[in-house]
Amino acid sequence: MKKNYGLTNTEMQIMELLWQAEGAMTFREILDVAAREWGKIWKVQTLSTYLTGLQKMGLVESERKGCSNAYRPICTKEEHIHQWTRKMVETCFDNSLSRLVVAFTGGQKLSEEDAAELRKLM
């Protein structure tokens, strides 16, 4: 199972590319990687739609670089996972850590080892 943390497979693929990049990537650079490495021949509008969605989610920002836009992540992958997890706990479990643990364990009793680890975290 892929871990996308609230993103579609393609959004996650774009974010992984941007997180691994050494700096901002131009629209054309992203389009070229999609074709060359992922085998995705996108129309300009397709990539534009993905990047706009990632901007609306607060994950990416754009800046003018020469004649085109360049894109870079606003947060690290770890920060995104943390934000996504907090939002999931808030939305799905009414901001209750105990409800999350109950859902995670399926109502089963925690092992002594897991219980001890949770105590340490608190």
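Keep in mind it's a predicted model, so treat the numbers as computed, not measured.
- At a threshold of 4.5 Å between side-chain heavy atoms, the hydrophobic network of Ile, Leu, Val, Met, Phe, Trp and Tyr places M88 and L7 in one connected group.
- Residues in residues 83-95 take part in these side-chain hydrogen bond (donor to acceptor under 3.5 Å, both in side chains) pairs, two or more places apart or across chains: D94-R99.
- With contacts defined as side-chain heavy-atom distances shorter than 4.5 Å, the pair T46/K43 qualifies.
- For the pair A24 and K65, the tightest heavy-atom approach, listed with the atom from each and the gap, is O-NZ, 3.8 Å.
- The number of heavy-atom neighbours closer than 6.0 Å to CD of E112, taken from other residues, nucleotides and ligands shown, is 12 or below.
- For the atom pair NZ (K109) and CG (D114), the distance works out to 12.5 Å, reported to the nearest 0.5 Å.
- The distance from atom CE of M57 to atom OG1 of T52, rounded to the nearest 0.5 Å, is 10.5 Å.
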Identify every side-chain donor-acceptor pair in residues 25-34 under 3.5 Å, counting partners at least two apart or on other chains, and give the distances.
from : atom 1 : to  : atom 2 : distance (Å)
T26  : OG1    : E29 : N      : 3.1
T26  : OG1    : E29 : OE1    : 3.4
E29  : OE1    : T26 : N      : 2.7

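- In this structure, CG on L59 lies 14.5 Å from OH on Y71, to the nearest 0.5 angstrom.
- No option in E16, Q20, H82 other than E16 meets the side chain to side chain donor-acceptor pair (under 3.5 Å) test with K77.
- Hydrophobic clustering keeps L17 apart from I74 (ILVMFWY residues linked when any side-chain heavy atoms are closer than 4.5 Å, directly or through intermediates).
- Between H80 and Y5, the two ring planes are perpendicular [angle over 60°; tilted spans 30° to 60°].
- The two residues L100 and F93 have their closest heavy-atom pair at CD1-CE1, 3.5 Å.
- Here the CD-CG distance, from E63 to N69, works out to 9.0 Å after rounding to the nearest 0.5 Å.
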M12 and T8: CA distance, side-chain angles, deciding distance, side-chain contact (heavy atoms from CB on, under 4.5 Å) verdict | CA-CA 6 Å; M12 190 63 177; T8 67; over 6 Å; no

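- Here the straight-line distance linking atom CG of L54 with atom CD of E61 works out to 13.0 Å at 0.5 Å rounding.
- Across A35 and I41, no two heavy atoms sit closer than the pair CB-CD1, 3.7 Å.
- Counting non-hydrogen atoms of neighbouring residues, nucleotides and ligands closer than 6.0 angstrom, the CD atom of E117 reaches no more than 12 such neighbours.
- Note that CD of Q13 and CG of N9 are 8.0 Å apart. Values are rounded to the nearest 0.5 Å.
- For W42, the ring-ring contact (aromatic ring centres under 6.0 Å, His included) criterion is met by Y50, not counting sequence neighbours.
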